[in-house]
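Inspection log for the structure reproduced underneath, given as structure tokens.
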Amino acid sequence: MDSRKPFILISNDDGYHSGGLKYLVNMLSDMADLLVVAPESARSGFSCAFSASAPLRLKRRNRFPGVPLYSCNGTPVDCVKLALDQFCRDRRPDLVIGGINHGDNSSVNNHYSGTMGVAMEGCMKYIPSIAFSSCNYDENADLSYLSEYVRPIVSRVLKEGLPKGICLNVNFPRLPPFKGMKACRMTFGSWTQEVVKERHPRGYDYFWMVGRYRNDEPEAEDTDQWALSHGYVAITPTTMDVTAYSFMDTFNDMIKDCDTK
């Protein structure tokens with residue numbers, strides 16, 4: 001690795017073989033030294049989960065010439081933790097990136113996303129972190145056109161960093177052309193009809209987790225869902241600190257009556 005370049009750690013939740021990961025590596029390989037540690041298979045929906053009761057394995061892969069790539073049998077967060085412990089002791093990453101995910105991680109998907117789990121883990125290690133996701137769910141989709149946005153965002157964060165405890169959730173509309181980038185808040189939304197019950201021929205019930213997403217504030221124009229549906233790249237600054245500061249004073253008043261001392 002060229003120590004004069006920035007150093008970026010990359011992971012995802014679609015697996016080391018995913019197209020989105022390939023495009024991301026191609027976009028950034030001339031900008032920085034890259035290290036990729038990604039799940040050995042898809043780990044969508046794992047959020048910030050890590051493996052506490054099963055041993056983990058790393059396997060060297062040879063998919064990206066000149067870029068170290070390892071697969072891990074664990075979660076996206078496991079990948080980041082292992083990478084930092086095993087490969088980054090002598091050189092701390094300047095940036096942690098999750099993606100490019102095949103699928104929308106805006107709105108409440110932020111909380112379920114393994115791609116965001118990568119960024120949140122980097123953020124909890126006080127490393128500037130970004131999650132990139134495309135609303136194009138086709139695993140074979142050509143995402144090379146996203147380079148026009150990915151590279152400037154990465155370059156700006158490498159240059160200026162991010163505030164402590166804040167990472168970026170970046171979501172791209174399904175197809176170009178895009179109208180530009182927009183800073184957004186997270187949309188309040190809900191998943192409905194989440195469980196499909198089936199009957200197995202051997203006589204027992206089984207269930208599929210599916211669901212339909214519902215935008216619960218479709219008229220709000222400052223949200224990530226509005227931006228995506230109107231052709232903008234949605235960028236949501238996301239905080240590690242989940243404290244509800246706006247409720248603190250009210251809550252202090254509420255608990256005064258509960259004080260038994």
query: W226 vs H230 aromatic rings, parallel, tilted or perpendicular, using cut-offs 30° and 60°?
result: parallel
task: Classify the ring geometry between H200 and Y206 as parallel (under 30°), tilted (30 to 60°) or perpendicular (over 60°).
output: perpendicular
If we only count heavy atoms from C-beta on, is the [X] to [Y] side-chain gap below 4.5 Å?
{"X": "N101", "Y": "S113", "answer": "no"}
{"X": "E221", "Y": "K182", "answer": "no"}
{"X": "I8", "Y": "L158", "answer": "yes"}

Main-chain N/O of S133 paired with N105 side-chain donor or acceptor, under 3.5 Å: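 No, the answer is negative, given that no donor and acceptor are paired below the 3.5 Å cut-off.
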Is any NZ, NE, NH1 or NH2 atom of the basic residue among [X] and [Y] found under 4.0 Å from an Asp or Glu carboxylate oxygen of the other?
{"X": "K256", "Y": "D253", "answer": "yes"}
{"X": "R91", "Y": "D33", "answer": "yes"}
{"X": "R151", "Y": "D30", "answer": "yes"}

- prompt: With L35, which of L69, L9, I10 fulfils side-chain contact (heavy atoms from CB on, under 4.5 Å)?
  reply: L9
- request: For a side-chain contact (heavy atoms from CB on, under 4.5 Å) with C88, tell me which candidate from L84, D90, D85 qualifies.
  value: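 For C88, the side-chain contact (heavy atoms from CB on, under 4.5 Å) check succeeds only for L84.
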Is there a donor in the side chain of [X] and an acceptor in the side chain of [Y], or the other way round, less than 3.5 Å apart?
{"X": "T236", "Y": "N110", "value": "no"}
{"X": "T238", "Y": "N169", "value": "no"}
{"X": "D241", "Y": "T239", "value": "no"}

